[in-house]
A.B. asks: 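Let me give you the structure first, and then I'll get to my questions.
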Amino acid sequence: MPQCHPYLSFFGNCREAMEFYAKVTGGEILAMSTYGDAPGDNPIPDHLRGQVMHSRIKIGNDLLMASDMIMGGGSTGHHGFDVSLHLDTPEEADCVFAALAEGGKVQFPLQENFFAHRFGSLHDKFGVPWMVICEKPMSG
C-alpha cells in the first residue's frame, strides 16, 4: 500500500531542525546522512560535505523526512502546505505548540473550537508551517 510522508527542504540547517522536531515531538531520529557520507567519487565541495543529504524521524507511526538543498541558492520559504501534527491531549498540544512557536510566528493561536480541543497554526523558527491539533471525537 502506498504511503505519503512530508519531505522538507532546508538550506544548511536541516540537522538543527530535525533534532529540534525530534525533541519537541518525542520523535526518534532514524537516519541522518550527509553528502560526505556518499560512497565513491563524490564531487561535493568540502564545505558542503557536512550538510544533510537525507534525514528521517519517526513521530508516532509516521515519518518526517528532510535534507539540505545544496544546489540552487537560498530558500524561498515553505509555501502551499502545512505539516499537520495530531496530538492525543490538549496538554500535549499546548506544550508542542509553545515549543514550535518559540522563535517563530503564530498564524492562528492555539485554542478550542467546534472541531478540536486545540487547534492552531504557526511558522516555526525554520519557516516551516505547522498545524497543531487535538481533535474532538466525531459525532455520528
Side-chain angles (χ1 to χ4, degrees):
M1 172 179 260
Q3 295 182 346
C4 183
H5 303 290
Y7 201 107
L8 304 175
S9 298
F10 293 92
F11 295 87
N13 58 353
C14 180
R15 179 181 307 278
E16 178 187 0
M18 294 298 274
E19 288 173 351
F20 174 71
Y21 299 150
K23 179 181 176 187
V24 166
T25 65
E28 176 187 3
I29 296 174
L30 301 176
M32 189 76 69
S33 302
T34 67
Y35 286 96
D37 294 333
D41 186 24
N42 192 340
I44 301 298
D46 286 343
H47 71 281
L48 297 175
R49 289 173 128 6
Q51 298 298 310
V52 175
M53 182 171 59
H54 176 70
S55 63
R56 184 174 71 242
I57 60 176
K58 185 175 182 181
I59 302 172
N61 292 322
D62 297 312
L63 296 175
L64 178 65
M65 298 184 285
S67 66
D68 283 312
M69 304 308 294
I70 62 171
M71 307 298 177
S75 172
T76 59
H78 299 275
H79 304 287
F81 74 95
D82 290 277
V83 178
S84 181
L85 188 58
H86 294 246
L87 297 146
D88 292 330
T89 68
E91 295 78 20
E92 287 177 305
D94 293 342
C95 184
V96 170
F97 190 88
L100 288 171
E102 190 172 321
K105 183 174 181 181
V106 172
Q107 305 297 311
F108 186 83
L110 189 69
Q111 58 190 307
E112 185 171 358
N113 61 34
F114 71 96
F115 64 87
H117 295 293
R118 296 288 189 279
F119 174 80
S121 65
L122 60 92
H123 286 81
D124 69 21
K125 64 185 175 184
F126 302 102
V128 173
W130 291 84
M131 289 190 305
V132 174
I133 187 167
C134 173
E135 292 183 283
K136 290 180 179 176
M138 302 269 300
S139 59

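Values below: all heavy atoms of this structure, side chains included; hydrogens, waters and symmetry mates excluded.
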A.B. asks: Any chance you could measure E16, atom CD, to F10, atom CZ, to the nearest 0.5 Å?
C.D. replies: 9.5 Å
A.B. asks: Which pairs pass ring pair (Phe, Tyr, Trp, His ring centres under 6.0 Å) with one or both residues in residues 29-53, sequence neighbours excluded?
C.D. replies: none
A.B. asks: Give every residue pair that meets the ring pair (Phe, Tyr, Trp, His ring centres under 6.0 Å) criterion with at least one member in residues 94-113, sequence neighbours excluded.
C.D. replies: F108-F119
A.B. asks: Rounded at 0.5 Å granularity, tell me how far NE2 in H54 sits from OG in S33.
C.D. replies: 7.0 Å
A.B. asks: What is the minimum heavy-atom distance between I133 and A116, and which atoms define it?
C.D. replies: CG1-CB, 3.9 Å
A.B. asks: Got a sec, which pairs hit side-chain hydrogen bond (donor to acceptor under 3.5 Å, both in side chains) with one end in residues 95-119, sequence neighbours left out?
C.D. replies: D94-R118, Q107-H123, E112-K136
A.B. asks: Can you list the residues that meet the side-chain hydrogen bond (donor to acceptor under 3.5 Å, both in side chains) rule with D37, with sequence neighbours excluded?
C.D. replies: T34
A.B. asks: Output the distance between atom CG (D88) and atom CD (E135), rounded to the nearest 0.5 Å.
C.D. replies: 10.5 Å
A.B. asks: Enter the distance from D68:CG to S55:OG here, rounded to the nearest 0.5 Å.
C.D. replies: 8.0 Å
A.B. asks: Got a second to check how far L8's CG is from F81's CZ, nearest 0.5 Å?
C.D. replies: 5.5 Å
A.B. asks: Identify the heavy atoms of A101 and V106 that sit nearest to each other, and give their distance.
C.D. replies: CB-CG2, 3.9 Å
A.B. asks: Following the transitive rule for hydrophobic clusters with a side-chain heavy-atom cut-off under 4.5 Å over Ile, Leu, Val, Met, Phe, Trp and Tyr, establish whether M131 and F114 coincide in one cluster.
C.D. replies: yes
A.B. asks: Hydrophobic cluster membership, with links at side-chain heavy-atom distances under 4.5 Å among I/L/V/M/F/W/Y: are F20 and V52 in one?
C.D. replies: yes
A.B. asks: According to a 4.5 Å side-chain heavy-atom criterion applied to Ile, Leu, Val, Met, Phe, Trp and Tyr, with indirect links allowed, do L110 and L85 form part of one hydrophobic cluster?
C.D. replies: yes
A.B. asks: Any side-chain heavy atom of S67 sitting closer than 4.5 Å to one from M53?
C.D. replies: no
A.B. asks: Does W130 belong to the same Ile/Leu/Val/Met/Phe/Trp/Tyr cluster as M65, with side-chain heavy atoms less than 4.5 Å apart forming each link?
C.D. replies: no
A.B. asks: What residue pairs, at least two apart or across chains, pass side-chain hydrogen bond (donor to acceptor under 3.5 Å, both in side chains) with a residue in residues 21-31?
C.D. replies: Y21-D124
A.B. asks: Assigning hydrophobic clusters by single linkage (Ile, Leu, Val, Met, Phe, Trp, Tyr; side-chain heavy-atom cutoff under 4.5 Å), is V128 placed with Y7?
C.D. replies: no
A.B. asks: Is there a side-chain contact between F126 and M18 in this structure, where contact means two heavy atoms from C-beta onward sitting under 4.5 Å apart?
C.D. replies: no
A.B. asks: Given a cutoff of under 4.5 Å between side-chain heavy atoms of I, L, V, M, F, W and Y, with clusters grown through shared members, what are the other residues clustered with L30?
C.D. replies: L63
A.B. asks: Rounded to the nearest 0.5 Å, how far does CD of Q51 lie from CE of M69?
C.D. replies: 12.0 Å
